Number of protein chains: 2
Amino acid sequence: MSKRTSLKDIAKELNISVSTVSRALRNVGEVSEETRRKVKELAESWKYKPDPLALGLLKNKTGYIGVILPDPVNHYFSTVLHGMNIVAQENGYHLLISYSYDQSVNEQKAIDDFVWARAEGLMICPAIDTIDIRKYQQIGGNGIPLVFVERDIPEMDVPAVITDNYKSMQSLMEFLIGCGYRRIALITNLEYYSVGRICYQAYTDVLKKKRIALRKELIIHGNMSISTSVEAARHLLQLTPIPDAVVVTDDCSAMAVMKVFQEEGLSVPDDIAVTGFNDEPFTSYISPPLTTVSRPGYLMGMKAMELLIETIKKSKSTTDCEKIILESDLVIRNSTIRSPERWTR
Amino acid sequence: MSKRTSLKDIAKELNISVSTVSRALRNVGEVSEETRRKVKELAESWKYKPDPLALGLLKNKTGYIGVILPDPVNHYFSTVLHGMNIVAQENGYHLLISYSYDQSVNEQKAIDDFVWARAEGLMICPAIDTIDIRKYQQIGGNGIPLVFVERDIPEMDVPAVITDNYKSMQSLMEFLIGCGYRRIALITNLEYYSVGRICYQAYTDVLKKKRIALRKELIIHGNMSISTSVEAARHLLQLTPIPDAVVVTDDCSAMAVMKVFQEEGLSVPDDIAVTGFNDEPFTSYISPPLTTVSRPGYLMGMKAMELLIETIKKSKSTTDCEKIILESDLVIRNSTIRSPERWTR
DNA sequence: AACCTTACCGCAAAGGTTTGCGGTAAAATT
DNA sequence: AATTTTACCGCAAACCTTTGCGGTAAGGTT
C-alpha cells in the first residue's frame with residue numbers, strides 16, 4: 001500500500017519548504033543549484049509525480065476529454081473512437097467515455113457529469129432524439145470546447161466533422177437509376193439527427209430530378225435494428241409489384257434484409273437489388289457482396305479530435321466553427337449488378 | 001461563462017461559515033432548522049453540486065473506473081464494453097478508457113496513468129504480449145481493485161471473468177471429428193495471453209484423445225488480422241492433401257479464409273470446412289453460414305464490472321479472487337455440414 | 001558603521017470540500 | 001445568582017499544488 005509521495009514529503013525530508021521543492025522541480029524561481037539537485041534526486045528516487053487532482057483544482061485542467069457516442073456495439077462508431085483515441089493519446093489526453101444509446105436523457109446526464117468533472121473538451125455525436133438544443137449551448141457557456149462528430153446540427157455554431165452523406169446517397173441513387181432500377185425502396189431512420197434523414201432528402205431529390213414518382217409505400221422508417229429491418233423487408237414483399245431495389249442505410253440491416261429476400265426464394269440482385277451503408281468488413285464477404293457507401297470513420301475520429309484539441313489549446317473557443325465534411329465513396333458490388341438478360345423479365 | 005458555485009459562495013451570501021453550509025447540505029452535525037432550510041434553498045437555486053476534484057482529493061475517490069482493452073475495433077470487445085458500461089452507469093461510476101492495441105508498453109502507460117489519477121478500480125484485458133506481470137501487482141500495491149476480463153493470468157491472485165474456451169474448443173473439435181473430419185487445420189494466435197493459446201491446448205488434447213496424429217504443418221500462428229489469415233489459408237492450400245477442415249479462432253478471419261477457398265474454386269464445406277469464433281452477427285448471413293462458438297460478451301462485461309464494483313465497495317481487496325467462467329455455446333451452421341454423398345469423394 | 005544588492009527561501013492564499021474540536025450565546029438547572 | 005446544559009456555529013487542518021510577495025541572511029558599497 002505504497003503512499004503516493006507529495007511535495008510535502010520531499011520538503012520534510014530535506015527540511016525545506018514545499019514551495020521551494022515545487023520551484024526546484026519545475027526549474028522556475030530562484031533556487032540554489034545545490035538544493036535543486038538534492039530535490040530532483042529525491043524526487044526521482046521517490047518517483048514523485050504531481051497529483052492530477054490538486055493540479056486540476058488549481059489550474060482548472062484535468063487532461064480529460066469527454067466522449068459521448070450513441071452506441072458501443074457498432075463497427076462504424078468503433079472506428080471513429082479508434083481515431084479519436086489515437087490522437088488523444090498522442091496529445092496526452094485521456095478519454096472519458098459515455099454512451100447515450102441514442103437517448104437524449106442519457107446524453108444530458110453525461111454532459112452534466114463531464115462538464116462538472118472539468119473535462120477539457122467534449123466530443124459528442126448527438127442522440128438521435130435530440131430536441132432540446134440548449135444543452136449544447138450550456139457547454140459552451142461553461143467555456144468548454146465542443147465538437148460534433150458524425151452528426152451535425154447545422155443551426156448550431158459548433159465545429160463538426162461529418163461525411164458527405166447527401167452526396168453519397170445522391171451518387172448511390174443516380175447509380176441505381178442509371179442501372180435501370182425504378183421502384184427503389186428506402187429503409188432508413190427518419191429521425192432528425194440521423195444519417196437517414198439526409199439520405200431521405202437525397203432520395204427524394206434524386207427521384208424528383210429524374211422525374212420518377214415518389215411512392216410513399218416504398219419508404220419505411222425504422223431504427224436500423226435487425227429485427228425491425230427484417231419486418232420492413234417482409235412488408236416490402238407484400239407490395240405488388242415488389243420493389244426492384246432496396247436501399248438500406250445500414251450494412252447490418254441490409255444484410256438481414258437481403259437474407260429475407262433470399263429465404264423467400266428471390267434472387268439478389270436479379271429479382272431485387274439491395275444496398276447498405278458504411279462498408280463494414282463483412283460486406284464484401286456475404287453473398288452477393290453488398291453495394292454500399294464507404295465512409296472514413298477512423299479519419300473522422302482523428303480529424304474531430306485534432307479539431308477539439310486545437311480548440312482546447314488556443315482555449316479561445318474562437319467559434320471558428322469549422323464544419324469539416326469528409327468524402328465517402330460508393331462501393332459497387334454484386335448486390336446491385338444485375339445480369340443484362342435479367343432486365344428483360 | 002457561468003462560474004461554478006462553491007460552498008464558499010453560499011456561505012458568503014448567507015453570512016455563515018463554509019463548514020455550516022457543508023453540514024447543512026449533508027444533513028449531518030448540528031445546524032438549526034432555519035439555517036438548514038435557507039442553505040438548501042440557496043443551494044438549490046444556485047444549482048450547487050460538490051466539486052468532484054476537491055472531493056477526490058479529500059476522500060481519495062474519483063468515481064472513475066479505468067478500462068484497458070486491446071482493441072476498439074472488435075465486435076466482441078465492444079459487447080464487453082457495453083456490458084461494463086451499463087453496470088458502471090447504474091452504479092454512478094464513469095469509465096476512463098484506454099486501448100493497449102495488444103502492446104504491453106501501452107498497457108503499462110495506461111495503468112500508470114489511471115492509478116495516478118486515482119481510478120477507483122481497474123478492469124484490464126491483458127495485452128497479448130504481456131511478459132512482465134509485476135505491473136499488475138503494483139496496482140494491488142496501490143490498493144486499487146483489479147479485475148481481469150476475457151483473458152486471465154491463472155498464476156495471479158486477481159479476480160477474472162472469462163469464458164470456457166477450452167471446453168468450447170473441445171466441443172468443436174469433437175464435433176468436427178464426429179462429423180468425419182480428420183485433417184483439421186488450426187489458424188490461431190499462439191501467444192500466451194490469448195484465446196488462441198487455450199484453443200491450441202484443446203486442439204492437441206482432443207486429437208491425442210481421439211488418436212489422430214498431430215501434424216505441425218496444419219497449425220499456423222497468426223495475429224488474426226484478415227491479411228495474415230488470408231496468407232495462412234493460401235498456405236494451407238499448398239499442402240497435399242489439403243486439410244478437410246480449418247478451425248480459425250476468429251470470425252472475421254474465418255470469413256476471409258473461407259473466401260480464399262471459394263475463390264480457389266473449392267466448396268465449403270464439401271471440399272473443406274471452416275469454423276470461426278465469437279458468433280458475430282454476420283456469421284449467420286455469410287454463405288455458407290459459419291459454424292462458430294457463441295460467447296456471452298455482454299454478460300461478461302456486466303459480471304466483471306459487478307465484481308469490480310463489489311470489490312471497490314467493500315474496499316477490502318479481500319482477495320477472494322473469484323475466477324468466474326462463463327459458458328459458451330457451439331453454434332453449428334452449414335460451413336461444417338457436408339452432404340453425406342460428399343464424404344465418399 | 002550604515003546602507004543596498006543579491007541570492008535564496010518561506011508564508012499564505014487559492015482552488016473546494018470535510019471534520020474534529022473549540023467556542024459562544026441562550027436556556028435550563030441548582 | 002451562579003453554574004451547567006443545550007444548541008449552534010466557526011476555526012483550522014487535511015488533501016496537494018502553484019505563485020505573488022515578503023523576509024532573511026550574506027556579501028558588497030559608500
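For clarity, every value in this text was computed on a predicted model and none was experimentally measured.
- Between B/Tyr99 and A/Leu95, the closest side-chain pair of non-hydrogen atoms is not below 4.5 Å.
- Between A/Glu41 and A/Arg37 a salt bridge is recorded (basic side-chain N to carboxylate O distance below 4.0 Å).
- Of the charged side-chain nitrogens involved, none lies within less than 4.0 Å of a carboxylate oxygen, so that B/Lys40 and B/Glu44 do not count as a salt-bridged pair.
- Relative ring orientation between B/Tyr136 and B/Phe148 is described as perpendicular, the plane-to-plane angle rising above 60° on a 0-90° scale split at 30° and 60°.
- Read 5' to 3', the first and last nucleotides of DNA chain C with an atom closer than 4.0 Å to a heavy atom of chain B are C/dG15 to C/dG20.
- Residues B/Phe114 and A/His94 bring their aromatic ring centres within 6.0 Å.
- Nucleotide D/dA13 holds its C1' atom 11 Å from the CG atom of B/Leu58, rounded to whole Å.
- Note on A/Lys59: a side-chain N or O is less than 4.0 Å away from OP1 or OP2 of D/dT19.
- Mapping B/Ala54 and A/Ser22 onto DNA chain D via the closest heavy atom, the residue that lands nearer the 5' end is B/Ala54.
- We find that NZ of A/Lys49 is positioned 15 Å from P of D/dC16, with the value rounded to whole Å.
- Whole-Å rounding puts the B/Glu34 CD to D/dA7 C1' distance at 14 Å.
- Between A/Lys8 and D/dA14, a side-chain N or O to OP1/OP2 separation shorter than 4.0 Å is absent.
- Taking the charged nitrogens against the carboxylate oxygens, A/Arg151 and A/Asp102 do have a contact shorter than 4.0 Å, which makes a salt bridge.
- The residue B/Val18 sits close to a base: some heavy atom pair falls under 4.0 Å.
- The CG atom of B/Asn60 sits 11 Å away from the C1' atom of D/dC16 (whole-angstrom rounding).
- Distance A/Lys61 NZ to D/dT17 P: 18 Å, rounded to the nearest Å.
- A heavy-atom distance below 4.5 Å is not found between the side chains of A/Pro72 and B/Asn85.
- The phosphate of D/dT17 (OP1 or OP2) has no side-chain N or O of A/Arg23 nearer than 4.0 angstrom.
- When the P atom of D/dT17 is taken as reference, atom CG of B/Leu53 falls 13 Å away, rounded to whole Å.
- Nearer the 5' end of DNA chain D, as judged by each residue's closest nucleotide, is the contact made by B/Ile16, out of B/Ile16 and A/Tyr48.
- For D/dA7, neither phosphate oxygen OP1 nor OP2 lies less than 4.0 angstrom from any side-chain nitrogen or oxygen of B/Ser32.
- Base contact: A/Ser19 has a heavy atom under 4.0 Å from a base atom.
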